[in-house]
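The block underneath contains the structure these notes are about, expressed in structure tokens.
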Protein chains: 2
Amino acid sequence: MTKAKSRAAQADLPLNQILAGDCIAQMNALPENSVDLIFADPPYNLQLKGELHRPDNSKVDAVDDAWDQFDSFAAYDAFTRDWLAAARRILKPNGAIWVIGSYHNVFRMGAELQNQGFWIMNDVVWRKSNPMPNFRGKRFTNAHETLIWASKSENAKPTFNYEALKALNEGVQMRSDWVIPICTGGERLKDDMGNKAHPTQKPEALLHRVIIATTNPGDVILDPFFGTGTTGAVAKMLGRNYIGIEREEAYREAATKRLARTRKLDAEVLEVTTSKRAEPRVPFGQLVERGMLRPGEELVSQGNRYTAKVRADGTLIGKDIKGSIHQVGAQLEGAPSCNGWTYWHYKRDGKLVPIDALRQQIRDEMGGRIN
Amino acid sequence: MTKAKSRAAQADLPLNQILAGDCIAQMNALPENSVDLIFADPPYNLQLKGELHRPDNSKVDAVDDAWDQFDSFAAYDAFTRDWLAAARRILKPNGAIWVIGSYHNVFRMGAELQNQGFWIMNDVVWRKSNPMPNFRGKRFTNAHETLIWASKSENAKPTFNYEALKALNEGVQMRSDWVIPICTGGERLKDDMGNKAHPTQKPEALLHRVIIATTNPGDVILDPFFGTGTTGAVAKMLGRNYIGIEREEAYREAATKRLARTRKLDAEVLEVTTSKRAEPRVPFGQLVERGMLRPGEELVSQGNRYTAKVRADGTLIGKDIKGSIHQVGAQLEGAPSCNGWTYWHYKRDGKLVPIDALRQQIRDEMGGRIN
DNA sequence: GCAAAAAGTGAATCGTGAC
DNA sequence: CGTCACGATTCACTTTTTG
């Protein structure tokens, strides 16, 4: 899709609004291939029987709302099939979907995602640092929920801000298990009576990580089970557009108030650590043209094992081998591939320096401009 | 079932043996309602395409065995349906089943368990302390696998040794996420050539916890995908009976040798293994995600000399400098390194507080435990 | 012989853009 | 659509080799 087309598509969308009504009907009214990310926290079909009491006989405020009741697995599966199909239609080809659930429903959602052709990128465990204990001592403390991150198809290329996630995790790549506390305290929305406004409000930290990981600023994020708007609030803060769909008026009202007092962060702090791929490509030949390396100069391989000479056209010539810095490196090492930039070194003041330092010099001169 | 009847049923079983052949046929040859626990680690249907190389160009030894190949989800589902039905028939009414899988197959297994009337007690996450990283930086590190613990029916009363588990976990309820290292070192079985005897050998610590939690001494534990016999070895050590079923002769041989040298443990010794302590690592980004610091908030250096702004990905941006709390601190001070946790301060109520106080707050919440 | 450095490895659905 | 060249990418741990 061209940029112009993309802008036109966005203009047709009810951006940064909460749509009332059934999410399937509302999604079907939106143009196909138009949203970048879907985050869905559907009813869990909890099947709770009877009331649950703590050891001190106080009653646990269970999720027993009408919207969480389904007559059978078949009914739940039909519901899942329908809303996932509607979500699939409006998702851009390189868009992605996140769903969250517990063991009551997540296996059925995961299987249906696969059945519809979505391609699972990861399942992610939200490991709650402060879960509700198991009061009866009959099971393990249910201390996690499961998220599934899936692209629209096997060959799609969904956004993944690898370097930003690595930065969030202080330099080591982010794992599939996330430790995040449940939503409590000031973050938890209350109604006028002081009761929680929604029984399953998700923590903003969870959405923060999802949105930083798999969207870019300006993207459109749709949440078909908007509830009290955690997805919208974090999307707004992080400079993304949201579309919420919610059936219950009370939730819409709470979400509307919440979004009104949510502020977008400055662009400067929204910018995120990027990968090398995003930087402009510098052909090796440019180093020769600019005289940073002379034709005939000798380069030394990593580990000092091999040498090769620079030719005037920016190729290398080693022992019986000619080609690009990458090709010659790969052949000498008998490797399937080789990053010539880090493999080859030149001599300056008696020291060996990777030629990548010269590339960096050129990139710095360009000052972030693309070519 | 009376005790006498139960003893009679056990006498008909091929206890502490490894049966050769297809697990469905072998299970169908056993009497119904006769085993206490089934632990199943079936093929995951990984659907790997090409080769994968590490950044150092070494090749990843992938699981590409014929037994993990299925033509389609439909074929895998049929396989799952059939072996689960056979397992269900031989399980005692108050027996239980554990299955383990990854996102490739676990959603389909979980849905089929529910379809057949099994009742999920918990899904349990095995969090690997040393998983294989994601080499290309395209996804989250796949750092966990999922187990499902299910009873035969909704009203069944499966064994659950709540107090023993609590003791294993230093006095607090065992949670649904377990931190256990992958199987390496001396525990990993090798063939005569020094190659791993089985590509997916599970750690004994995992089976230890499963068996302690959901069986009693003398119980019969059946593993339809026995492999090199981890289930049998831990069952024997813990004074339980096992029945293994395995198709591949090489795996049966390795398991037979292993079981011959496995000894039942003395009753007192049993409590030793598993629990691991470590001060949890808290990445700075977590403070941002959790809203303890807002993106855009200004931090002040030790000695009030410099300021920097927090970015959404948990990096800092100062004057022309971007990077982690440690990197930016070091650059500003012209030092080779810097402990950002004590160097940077945030303002609360007019006072400057080191950000390390926030890290301590998170650690206190986690209680120092990682499992 | 011992300490330090280097090499090896684990259930993995692991690339992108120009032409 | 396919082909081709570029060139980006790893964590925790054990085992082996080197000094």
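None of the values given here were measured: they were computed from a predicted structure. Convention: sequence-line order gives letters A, B, ...; per-chain numbering from 1.
Put simply, the residue from Thr230(B), Thr231(B), Asp41(B) that forms a side-chain hydrogen bond (donor to acceptor under 3.5 Å, both in side chains) with Lys202(B) is Asp41(B).
Under the 4.0 Å criterion applied to side-chain N and carboxylate O atoms, Glu163(A) and Lys322(B) are not assigned as salt-bridge partners. Electrostatic pairing of Arg127(B) and Asp177(B) counts as a salt bridge here, judged by a charged N lying under 4.0 Å from a carboxylate O. Between Arg209(A) and Glu289(B) there is a salt bridge, since a side-chain N of the basic residue sits under 4.0 Å from a carboxylate O of the acidic one.
Within 4.0 Å of Lys190(B), counting heavy atoms only, lies no atom of the nucleic acid at all. Gly50(B) comes within 4.0 angstrom of a nucleotide base, judged by non-hydrogen atoms across all strands.
Between Lys276(A) atom NZ and dT9(D) atom P there is a gap of 7 Å when expressed in whole angstrom units. Across the protein-nucleic acid pair, Lys128(B) atom NZ and dC13(D) atom P stand 14 Å apart, rounded to whole Å.
Surrounding NZ of Lys196(B) are more than 12 heavy atoms belonging to other residues, nucleotides or ligands, all under 6.0 Å away.
Counting only N and O atoms by type, the side chains of Asp123(B) and His144(A) include a donor and acceptor under 3.5 Å apart.
Here Lys166(A) reaches the OP1 or OP2 of dT10(D): one of its side-chain N or O atoms lies under 4.0 Å away. The phosphate of dC6(D) has neither OP1 nor OP2 within less than 4.0 Å of any side-chain N or O from Arg359(A). Residue His326(A) places no side-chain N or O under 4.0 Å from the OP1 or OP2 atom of dC6(D). The shortest distance between the side-chain N/O atoms of Arg281(A) and the OP1/OP2 oxygens of dG7(D) is below 4.0 Å.
The outermost nucleotides of DNA chain C lying under 4.0 Å from heavy atoms of chain B, listed 5' to 3', are dT9(C) to dT16(C).
With its glycosidic angle within 90° of 0, dT13(C) adopts the syn conformation.
Comparing dG8(C) with dT10(D), their C1' atoms are spaced 13 Å from each other, to the whole Å. Between dC6(D) and dA12(C), the distance separating the two C1' atoms is 24 Å to the nearest Å.
Judged by closest nucleotide on DNA chain C, Asp56(B) is the one of Tyr103(B) and Asp56(B) placed further toward the 5' end. Residue-to-nucleotide proximity on DNA chain C shows that, of Asn134(B) and Pro43(B), the 5′-proximal contact is made by Pro43(B). Between Pro131(B) and Ser337(A), it is Ser337(A) whose nearest contact on DNA chain D lies nearer the 5' terminus.
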